[in-house]
Amino acid sequence: MKIHREGFATISLVFLVLALINGAVCYWFGEMPGLCWTVAIISLVFFLFIVSFFRIPARQFTTGDSLVTSPCDGKVVVIEEVYEPEYFKDIRLQVSIFMSPANVHVNRNPIGGQVKLSQYHPGKYLVAWHPKSSTENERYSVVIGNAKADILVRQIAGALARRIVNYLKPGMEVKQNEEMGFIKFGSRVDLYLPIGTEVAVQLEEVVKGGVSVIAKL
């Protein structure tokens with residue numbers, strides 16, 4: 001397991017703050033070793049929890065020209081036909097995956113192809129499962145297209161996630177399962193697929209980024 005580069009600054013800051021807190025507690029309450037140990041244990045647990053946000057576990061990725069792999073870890077919370085107003089401006093099959101704070105937070109390309117859209121949208125921070133989070137929250141929309149289909153992937157910030165990172169630019173040629181971006185502290189990723197696409201997952205199913213097959217084109 002590796003630590004994602006997006007976490008280096010956050011992990012360093014948390015370590016520094018916790019070190020200062022523990023130093024202050026031991027200095028002012030050194031005659032109370034029980035308190036010092038309690039603070040130290042809580043600090044260690046919290047630090048490891050923060051580190052876990054930025055982990056990159058080793059995986060054997062699933063590939064295939066006709067396969068749409070999961071762009072993230074999480075649970076499937078939406079499978080429905082909706083109107084997509086930003087790029088396609090027609091009816092699409094939406095599959096949404098909710099990322100909890102305990103999930104791996106790396107986002108990956110569900111297909112390979114050319115980046116046709118990469119657009120950031122500022123917005124609110126509604127809880128990620130809120131119906132309006134797809135259109136009102138801070139979000140990043142990316143369209144990747146190849147000979148099979150064009151697919152829109154939308155990274156959506158949640159109540160805790162206040163920073164979305166996206167590495168793709170229009171015109172780039174990308175490979176399936178390469179890193180698309182990163183969302184700090186959990187949120188949601190939406191996929192917009194062509195109508196008639198064969199969905200390979202069910203509601204409430206737990207999926208893994210780059211491993212689980214979401215649909216077959």
Side-chain angles (χ1 to χ4, degrees), residues 4-6 61-74 76-99 104-124 128 131-158 161 163-184 187-201 207-217:
H4 198 279
R5 62 186 181 276
E6 296 294 341
F61 294 124
T62 302
T63 59
D65 293 340
S66 298
L67 303 180
V68 179
T69 55
S70 180
C72 64
D73 285 25
V76 178
V77 293
V78 173
I79 302 176
E80 63 181 7
E81 294 183 4
V82 299
Y83 179 78
E84 197 293 301
E86 180 179 2
Y87 182 82
F88 297 112
K89 296 179 173 58
D90 62 11
I91 302 298
R92 292 277 147 168
L93 179 61
Q94 177 183 335
V95 179
S96 299
I97 303 165
F98 172 71
M99 304 166 61
V104 174
H105 287 70
V106 179
N107 296 157
R108 301 187 179 278
N109 302 321
I111 62 171
Q114 185 181 64
V115 179
K116 298 185 176 182
L117 173 75
S118 183
Q119 181 66 50
Y120 171 76
H121 300 276
K124 301 178 182 179
K132 293 185 178 181
S133 64
S134 293
T135 55
E136 295 189 8
N137 275 22
E138 178 189 7
R139 59 201 181 278
Y140 218 112
S141 299
V142 170
V143 174
I144 302 174
N146 58 28
K148 292 288 185 179
D150 289 352
I151 293 177
L152 190 152
V153 188
R154 182 170 291 140
Q155 299 168 284
I156 302 168
R163 187 185 177 204
I164 299 175
V165 181
N166 190 283
Y167 307 128
L168 306 188
K169 303 296 182 184
M172 289 178 62
E173 293 289 336
V174 298
K175 295 181 180 180
Q176 189 175 38
N177 301 322
E178 284 183 336
E179 285 190 22
M180 178 182 73
F182 196 95
I183 309 179
K184 291 188 176 182
S187 58
R188 168 173 159 169
V189 177
D190 290 351
L191 285 169
Y192 292 87
L193 310 169
I195 295 296
T197 299
E198 179 185 349
V199 177
V201 292
V207 294
K208 289 186 176 182
V211 177
S212 302
V213 174
I214 299 297
K216 298 178 182 179
L217 300 172

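It should be emphasised that the depicted structure is a prediction, and the values quoted were computed from it without experimental measurement.
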| note | Residues P85 and Y83: closest non-hydrogen pair is CD-O, 3.4 Å
| salt_bridge(E84, R154) N-O dist < 4.0 Å | yes
| query | Side chains of V143 and Y192: closer than 4.5 Å at any heavy-atom pair? | reply | no
Under 3.5 Å, sequence neighbours excluded: what are the donor-acceptor pairs made by side chains of residues 164-171?
| from | atom 1 | to | atom 2 | distance (Å) |
| --- | --- | --- | --- | --- |
| N166 | OD1 | L168 | N | 2.9 |
| N166 | ND2 | Q155 | OE1 | 2.8 |
| Y167 | OH | E6 | OE2 | 2.8 |

| request: Work out which heavy atom in I79 is nearest to a heavy atom in V201; give both atom names and the distance. | output: CD1-O, 3.6 Å
| Can you check whether I156's main-chain N or O pairs, donor with acceptor, with S187's side chain at less than 3.5 Å? | yes
| What are the two closest heavy atoms between P194 and R92, and how far apart are they? | CA-NH1, 3.7 Å
| request: Taking D190 for its side chain and S96 for its backbone only, find out whether a donor-acceptor pair lies under 3.5 Å. | output: no
| task | To the nearest 0.5 angstrom, please state how far the OG1 atom of T197 sits from the CD1 atom of I151. | result | 7.0 Å
| field | Short side-chain to backbone donor-acceptor contact, T69 and V213, under 3.5 Å | value | no
| request: Please name all residues satisfying ring pair (Phe, Tyr, Trp, His ring centres under 6.0 Å) with Y87, sequence neighbours left out, ordered by chain then number. | output: none
| query | Would you say the side-chain atoms of N177 pair up with the backbone N or O of R108, donor to acceptor, closer than 3.5 Å? | reply | no
| remark: With sequence neighbours left out, the residues meeting salt bridge (Lys or Arg N to Asp or Glu O under 4.0 Å) with E178 are none
| task | For S118 and V142, work out which heavy atoms get closest and say how close. | result | OG-CG2, 4.1 Å
| field | Minimum-distance pair of heavy atoms, taken over all atoms of C72 and I97 | value | SG-CG2, 3.6 Å
| request: Could you point out which residue of K148, K216, E198 forms a side-chain contact (heavy atoms from CB on, under 4.5 Å) with S66? | output: K148
| note | Only residue of V104, N107, V106 satisfying side-chain contact (heavy atoms from CB on, under 4.5 Å) with F182 is V106
| message | Quick check against the 3.5 Å criterion: does Q119 have a side-chain atom that pairs as donor or acceptor with the backbone of E86? | response | no
| message | Nearest 0.5 angstrom please: L191 CG to L152 CG, how far? | response | 8.5 Å
| field | Closest non-hydrogen atom pair, I111 against V68 | value | CG2-CG2, 4.1 Å
| Out of curiosity, L193 CG to D150 CG, how far, rounded to the nearest 0.5 Å? | 11.5 Å
| Q176 and P110, any side-chain heavy atoms less than 4.5 Å apart | no
| Taking side chain as C-beta onward, heavy atoms only, is M180 less than 4.5 Å from V153? | yes
| Do V189 and I183 come within less than 4.5 Å of each other through their side chains, counting heavy atoms only? | yes
